[in-house]
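Just so it is clear: chains get the letters A, B, ... in the order the sequence lines come, proteins before strands, and each one is counted from 1.
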Amino acid sequence: GGFEVRVGIGGQVAGHFITEGTKGVVLGDKVSLAVDLGQNARAAAGQNVVLPGTDHAGIATQNVVEKQLMTEGASRESLGRERFIERVWQWKATSGDTIIRQQKRLGESCDWDRLRFTMDEGLSKAVLEVFVRLYEDGLIYRGERLINWCPRCLTALSDIEVEHEDIKGKLYAIDYPLEHDPTIRLTVATTRPETMLGDTAVAVHPEDSRYNGLIGKRVRLPLTSRTIPIVGDALLVDREFGTGAVKITPAHDFNDFEAGERHNLPRISIFDDHAHMDSNGLTEAAVDPEIMGKILLRPVRETRPIIIGALQHAGLLLKTEDHKMSLGKCYRCKTVVEPYLSPQWFVKIKPLAEPAIKAVEDGRIRIVPEGWTNNYLGWMREIKDWCISRQIWWGHQIPAWYCRTCNGTVLTSTKSDGSWIIPREAQPVVAKTQPPLCPVCGGKEFVRDPDVLDTWFSSALWPFSTLGWPEQTPELKTYYPTSTLVTGLDILFFWVARMIMMGLKFMNDVPFRDVYIHALVRDAEGQKMSKSKGNVIDPLHVMEECGTDALRFTLASMASPGRDIKLAEERIEGYRNFANKIWNATRFSLMNLDGPRTAVAPAERAFPDRWILSRLNHTIQLVTSELESYRFDRAANALYQFIWHEYCDWYLELIKPVLQDHTSPDAPGTRQTLVETLETTMRLLHPFMPFLTEEIWQTLPHQGESIAVQRYPTSDSAWIAPDMEQRFGLLEQTIGLVRASRVLLNYPPGQQITFYVAHNEPQRQRHLEQLRKYLAHLGRGAVDLTPATTWPTGNLLRLITEGLSVGIVVAGDVDLNKALDRIVKERSEQTKEIQRLEGKLGNQEFVAKAPPEVIADHRDRLTSLRRDQAMLTSSEQQLRAMLGE
RNA sequence: GGGCGGAUAGCUCAGUUGGGAGAGCGCUGCCCUUACAAGGCAGAGGUCACAGGUUCGAUCCCUGUUCCGCCUACCA
């Protein structure tokens with residue numbers, strides 16, 4: 001029933017925060033839960049939450065430790081796995097880690113022992129369970145595929161770990177002579193000529209009449225003694241591009257790898273894991289000895305000019321041209337990434353993706369804003385098997401063992417540190433713990449797979465692993481599935497999609513109902529802010545300058561869907577001023593709370609009270625509905641508008657006379673309204689400005705310990721008063737004209753004046769009479785409400801709008817030209833509008849086809865404008881007379 | 001190359017069933033009026049990117065163009 005659990009990362013869940021132990025704070029009937037993926041969550045209440053999740057920050061820490069070891073003349077291998085990981089923990093807990101730095105700055109500590117426990121025991125349990133079950137279902141396999149490989153870190157990289165950089169490259173056209181007739185040459189185009197040594201075929205389009213006669217024939221591969229076949233491949237070859245012929249290098253290009261599988265081509269890997277020219281590979285490729293001697297063991301990048309030179313020498317390099325392309329680089333060391341053939345672990349993803357696609361299609365999971373749904377579906381439908389192994393040491397080691405007896409011929413041990421090289425042929429035994437005996441041969445000696453899992457693998461289990469799964473805990477029962485996941489688009493696929501897949505697979509239910517994709521905060525150049533790029537605006541700094549609440553409110557107010565946030569300092573300052581305004585309004589209220597307060601029925605209260613209650617009720621409805629549709633920007637703006645421009649600008653001004661007059665019969669009711677509306681507004685604002693509202697709420701008369709656990713305000717129909725809002729509109733209009741007149745006549749705001757007010761409509765005229773004391777107070781003067789016909793004709797400035805006339809006595813010798821200019825300008829604008837409306841209403845087609853209510857509205861406006869203009873004209877004539885014109 | 005989004009006031013951006021163009025900051029003028037100068041009041045400022053189309057009527061719907069951003073694939 002009434003539980004709502006909101007989960008977010010980075011502590012950025014609007015208005016909701018966390019405390020330790022309870023895994024959530026009860027907000028009325030809602031439960032909020034915010035957890036940081038990297039154990040970096042800071043509760044808004046100043047507490048830390050440590051839940052078992054995957055420690056992405058640990059990867060960066062690991063890199064630091066590796067560098068340290070290098071300077072000490074050591075390496076992770078010389079240290080050994082256990083001592084290396086121990087050292088990473090030490091580093092995290094003492095100095096280098098960003099988490100600990102922040103926490104030290106905030107004067108807090110982190111429970112590292114508990115963190116270690118959850119990392120080692122809590123999460124590992126779930127990871128092992130999932131890995132083994134997926135393996136038993138045939139959904140995890142060990143295979144040889146191309147992966148993005150960093151030749152410096154010597155590890156596989158996921159898509160998110162590769163950074164792309166646009167470069168100007170070259171496109172080389174190379175001639176491959178036909179085997180049966182070397183005078184005929186097939187020209188292929190490539191951006192990576194050095195990989196041609198590993199070609200195992202050339203592809204042409206099967207329907208390309210230029211070449212399709214050659215399919216099945218063979219070409220001589222230049223610089224080698226091999227011949228390779230010509231195949232027809234409609235997927236790989238674009239007839240329009242280049243020469244229409246493509247070389248296929250299955251071991252060094254992703255597309256070529258797939259083409260190679262389609263045509264059963266051999267894969268020749270010509271470089272090693274350091275991206276150096278490999279002797280085995282070059283031998284297998286049958287490279288000419290002369291070339292071999294020049295390139296053996298050299299880095300790939302250095303071999304390109306050598307190969308180009310050799311091809312040129314042989315007269316086979318047809319041409320080179322400039323070509324735009326982009327280069328993948330390792331996110332850690334910025335080394336150019338190579339597609340590299342190596343044994344890795346994969347998750348067969350299609351069977352997991354299909355239910356996850358269906359869950360979104362049939363609405364069990366809703367993506368907000370829904371524009372991203374197609375992105376999700378498109379990505380999921382074209383998903384490729386997921387490489388989950390990483391050749392690093394920080395993380396969950398893959399639970400696979402190799403029997404030394406069975407794999408004796410293929411396992412090799414490197415001498416220095418005793419670690420093992422495990423080729424693709426090796427047969428693993430997958431189990432949660434090392435098996436006592438080999439199921440095949442009964443052998444007792446095993447080598448464990450040295451790879452660890454991609455951090456996203458354990459992250460994918462987050463919705464249930466954090467709740468104690470695979471045990472059937474009460475927490476799991478209560479909190480799975482959650483209601484809403486709040487996250488950024490950048491990890492929709494890496495994290496969200498995988499949580500959905502794993503949730504459906506292991507819990508038989510979606511992990512959450514709504515996925516709210518929030519805007520990304522970008523810097524001034526529109527770049528994504530990220531820790532690794534270092535272009536992050538330090539939130540702690542901004543918080544010191546403008547306050548935490550101002551920052552939070554800014555982010556909420558800018559969170560328009562489908563648009564990224566370019567964080568501007570000025571905007572935050574604007575909301576700092578807003579926070580200041582609220583403080584001052586509170587100060588005013590507290591100064592005026594002395595004296596009795598009586599809670600009479602809203603309808604019995606004074607006009608300002610009834611009006612502000614009605615507006616507050618309206619704001620509650622608006623904010624609530626906007627929050628429910630995830631429009632945090634609109635909700636924030638509604639609050640800003642209400643608090644500043646209705647509550648402060650008008651309500652507090654309206655009630656000053658009553659509060660200052662201790663004999664006023666309205667005072668007890670107004671004091672009650674004042675505190676009631678402020679308290680309610682604070683609760684309404686609390687999700688957006690938690691600190692300030694808590695502080696203020698504590699100083700107001702209240703019940704309960706904290707504003708955080710009070711009910712969120714709900715609409716109260718007794719507060720609704722449309723007639724009071726209508727009267728307020730009249731008051732606002734009148735005061736507006738009075739103030740404008742003051743400026744035109746250069747009357748200082750404090751100077752008492754006499755002004756006349758009249759309205760064409762009798763009902764409005766009666767309202768004016770009821771508003772008399774408020775008009776006098778806000779207009780700062782004596783009000784005369786006699787009909788306009790009885791007003792003095794001389795020495796009076798009259799302004800008119802919508803049937804309302806305001807006249808101000810012109811005293812002494814003031815310059816009336818400013819006033820005249822204003823009236824003339826206003827009249828000309830009115831004339832333009834009248835002409836526009838007359839034109840439309842004179843248009844037969846408009847009258848015939850437009851909806852009746854639009855026509856009626858136009859007619860009303862025209863009538864009103866004509867009436868105003870008549871009065872304005874008379875006012876202008878009077879003014880000219882006074883000027884002696 | 002494909003996909004998606006954006007182009008509205010000097011700046012940052014709202015504007016959801018097509019009918020009078022908005023906010024915040026900045027700017028101008030006047031005010032230290034006992035909650036607030038991080039403030040109050042008044043005001044200036046826009047051919048809603050460009051060109052067509054649909055419609056009685058387009059910032060809004062459709063098509064095309066230009067520029068910008070993001071995602072994705074890197075076509076050899």
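- If you check every strand for non-hydrogen atoms under 4.0 Å, A/V188 touches nothing.
- The side chain of A/R822 contributes an N or O atom lying less than 4.0 Å from OP1 or OP2 of B/G43.
- Rounded to the nearest Å, the gap between the C1' atom of B/U28 and that of B/G10 is 14 Å.
- Listed candidates were B/G24, B/C36, B/A42. Nearest to the side chain of A/V743 is B/A42.
- Atom CG of A/N592 is separated from atom P of B/U34 by 14 Å (rounded to the nearest Å).
- Remark: C1' of B/U33 and CG of A/L778 are 13 Å apart, rounded to the nearest angstrom.
- One interatomic measurement links the two molecules: CZ of A/R631 to C1' of B/C13, which rounds to 12 Å at whole-angstrom precision.
- Taking atom P in both B/G15 and B/A9, the straight-line distance is 15 Å, to the nearest Å.
- Among B/C56, B/A35, B/C41, the nucleotide with an atom closest to any side-chain atom of A/E653 is B/A35.
- Ring centroids of A/Y747 and A/F755 are separated by 6.0 Å or more, keeping the two rings apart.
- If A/T243 and A/E626 are placed on RNA chain B by their nearest nucleotide, the residue sitting closer to the 5' end is A/E626.
- Contact annotation: A/H323 side-chain N/O to B/C75 OP1/OP2 distance is not under 4.0 Å.
- Atoms CG (A/L674) and C1' (B/A35) sit 11 Å apart, rounded to a whole Å.
- In this structure, A/D233 atom CG and B/C75 atom P are separated by 14 Å, rounded to whole Å.
- The shortest distance between the side-chain N/O atoms of A/W644 and the OP1/OP2 oxygens of B/G40 is below 4.0 Å.
- At a threshold of 4.0 Å, the pair A/E194-A/R304 counts as salt-bridged, since one of the basic side-chain nitrogens sits closer than that to a carboxylate oxygen.
- When the side-chain nitrogen and oxygen atoms of A/N577 are compared with OP1 and OP2 of B/G39, one or more of them lie within a distance under 4.0 Å.
- When distances run from any side-chain atom of A/Y640 to the nucleotides B/A42, B/C25, B/A76, the shortest one goes to B/C25.
- Residue A/N746 contributes atom CG, which lies 14 Å from atom C1' of B/G43 at whole-angstrom precision.
- With no hydrogens or angles considered, no side-chain donor-acceptor pair links A/D633 and A/S557 at under 3.5 Å.
- Among the atoms of the strands shown, only primed sugar atoms or phosphate atoms (P, OP1, OP2) are found under 4.0 Å from some heavy atom of A/H645.
- Remark: side-chain polar atoms of A/R742 are paired, donor with acceptor, to backbone N or O of A/Q751 under 3.5 angstrom.
- Across all strands shown, A/D238 has heavy atoms under 4.0 Å from base atoms, whether or not it also approaches the sugar-phosphate.
- Here A/H858 does not reach the OP1 or OP2 of B/C56: none of its side-chain N or O atoms lies under 4.0 Å away.
- Nucleic acid contact class of A/K825 (heavy atoms, under 4.0 Å, all strands): sugar-phosphate only.
- A/E833 comes within 4.0 angstrom of the backbone, heavy atoms only, and of no base.
- A donor-acceptor pair is defined here as one N or O able to donate and one able to accept, closer than 3.5 Å; such a pair exists between the side chain of A/R239 and the backbone of A/E207.
- Straight-line distance between the C1' atoms of B/A23 and B/C48: roughly 16 Å, to the nearest whole Å.
- Nucleic acid contact class of A/R576 (heavy atoms, under 4.0 Å, all strands): base.
- Rounded to whole Å, the separation between the P atoms of B/G18 and B/A58 comes to 14 Å.
- Between B/C41 and A/R742, no contact under 4.0 Å exists linking OP1 or OP2 to a side-chain N or O.
- Using a 4.0 Å heavy-atom cutoff across all strands shown, A/R571 reaches at least one base atom of the nucleic acid.
- A cation-pi arrangement is not found for A/K581 relative to A/Y647, the charged atom failing to lie both closer than 6.0 Å to the ring centre and inside a 45° cone about the ring normal.
- Rounded to the nearest 0.5 angstrom, A/I855 CD1 and A/H858 NE2 are separated by 9.0 Å.
- Contacts of A/E853 with the nucleic acid, taken as non-hydrogen atoms under 4.0 Å apart, are absent.
- Here A/N255 lies in heavy-atom contact (under 4.0 Å) with sugar-phosphate atoms only.
- One finds the CG atom of A/N592 at 11.0 Å from the OG1 atom of A/T670 (value rounded to the nearest 0.5 Å).
- Phosphate proximity of B/U34 to A/K656: absent, as no side-chain N or O sits under 4.0 Å from OP1 or OP2.
- Comparing B/C56, B/A42, B/G19 by their nearest atom to the side chain of A/A740 picks out B/A42.
- At the phosphate of B/G40, OP1 or OP2 sits under 4.0 Å from a side-chain N or O atom of A/K581.
- Using bins of under 30°, 30° to 60° and over 60° for the plane-to-plane angle, the ring pair A/Y575/A/F578 lands in the perpendicular bin.
- Listed candidates were B/A76, B/A14, B/C56. Nearest to the side chain of A/T191 is B/A76.
- Nucleic acid contact class of A/F578 (heavy atoms, under 4.0 Å, all strands): none.
- For the atom pair CE (A/M689) and CD (A/E695), the distance works out to 14.0 Å, reported to the nearest 0.5 Å.
- For A/V847 and A/R587, each mapped to the nucleotide of RNA chain B holding its nearest heavy atom, the one lying further toward the 5' end belongs to A/R587.
- Secondary-structure stems of RNA chain B, taken as three or more successive Watson-Crick or G-U wobble pairs (i with j, i+1 with j-1) under a 3.5 Å distance threshold, comprise B:1-7 with B:66-72, B:10-13 with B:22-25, B:27-31 with B:39-43, B:49-53 with B:61-65.
- Distances were taken from every side-chain heavy atom of A/C648 (C-beta onward) to each of B/C36, B/A35, B/A76; the shortest belongs to B/A35.
- In this structure, of B/A76, B/A35, B/G19, it is B/G19 that holds the atom nearest to the side chain of A/V854.
- Atom P of nucleotide B/C25 and atom CZ of A/F553 are separated by 13 Å, given to the nearest angstrom.
- Nucleotides B/C27 and B/U12 are separated by 16 Å at their C1' atoms, to the nearest Å.
- Atom CD1 of A/I230 and atom CG of A/L214 lie 5.0 Å apart (nearest 0.5 Å).
- Counting any heavy atom pair closer than 4.0 Å across all strands shown, A/L171 reaches sugar-phosphate atoms only and no base atom.
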